[in-house]
Amino acid sequence: MEKSKSIVWRTLLVLFIAFLWGGELSAYAAKKAWAKYDKSVKSLTFYYGEKGELGDGEYEMNDDQEPEWITEHKADIVRVVFDVSFASARPKSCNSWFMECEK
């Protein structure tokens, strides 16, 4: 009887630790940098944080390629905003983020 109680407690402890550890990992994995173009005010805003699926006018930050917002909105961007959350982002480079923007 004592052995089965020990197994139950160990199992519960392992599950509890896995739950806490898994929660921590998913919190870090879900954070990402993205930019959102608002065509009503012609602004591009950069964000960092938990983000599910990207919606219309939202773009993923890829360090290895030209940003999609450049190919779609380079002639339209009038204003760029860095949300406070973006201070925690760590992009490898901002090369070509504003390439060929006209305004």
Side-chain angles (χ1 to χ4, degrees):
M1 183 72 163
E2 202 54 42
K3 188 174 182 177
S4 64
K5 281 185 181 181
S6 175
I7 291 172
V8 168
W9 281 111
R10 285 182 188 175
T11 304
L12 288 173
L13 180 63
V14 167
L15 290 173
F16 181 71
I17 290 171
F19 174 75
L20 291 177
W21 188 45
E24 286 293 318
L25 289 178
S26 66
Y28 289 113
K31 289 186 178 182
K32 63 181 173 182
W34 78 95
K36 180 175 182 168
Y37 178 72
D38 183 345
K39 62 179 133 186
S40 68
V41 291
K42 298 184 177 186
S43 71
L44 181 68
T45 305
F46 292 85
Y47 298 96
Y48 178 76
E50 292 182 18
K51 181 71 175 163
E53 216 172 288
L54 295 173
D56 288 341
E58 296 181 333
Y59 303 95
E60 189 172 352
M61 310 286 283
N62 292 320
D63 291 324
D64 300 339
Q65 32 182 273
E66 181 179 301
E68 285 183 58
W69 65 80
I70 288 297
T71 56
E72 294 183 24
H73 305 291
K74 66 183 167 192
D76 305 321
I77 298 170
V78 174
R79 186 174 144 202
V80 174
V81 177
F82 290 90
D83 184 79
V84 161
S85 64
F86 198 75
S88 298
R90 298 293 180 255
K92 292 179 186 172
S93 169
C94 59
N95 183 33
S96 73
W97 282 12
F98 311 109
M99 180 179 68
E100 299 179 20
C101 286
E102 297 175 7
K103 298 178 184 178

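The model shown is predicted, which means the values in this text are computed figures rather than measured ones.
Criterion: ILVMFWY side-chain heavy atoms under 4.5 Å apart, direct or through other members. Under it, L44 and F86 are part of a common hydrophobic cluster.
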Report, one line per pair, each donor and acceptor closer than 3.5 Å where one atom sits in a side chain of residues 70-84; sequence neighbours left out.
residue	atom	partner	partner atom	Å
T71	OG1	E68	O	2.8
E72	OE1	Y59	OH	2.8
H73	NE2	Y59	OH	2.8
K74	NZ	E100	OE1	2.9
D83	OD2	S85	N	2.9
D83	OD2	S85	OG	2.6

Validation: residues 91-99 side-chain donor-acceptor distances under 3.5 Å, sequence neighbours left out:
residue	atom	partner	partner atom	Å
S93	OG	N95	N	2.9

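Using a 4.5 Å heavy-atom threshold, the side chains of K51 and E58 count as touching. Considering only heavy atoms from C-beta on, K42 comes within 4.5 Å of Y37 through its side chain. M61 is listed as a side-chain neighbour of W69, based on a closest heavy-atom distance under 4.5 Å.
Atom NZ of K36 is separated from atom OG of S43 by 9.5 Å, given to the nearest 0.5 angstrom.
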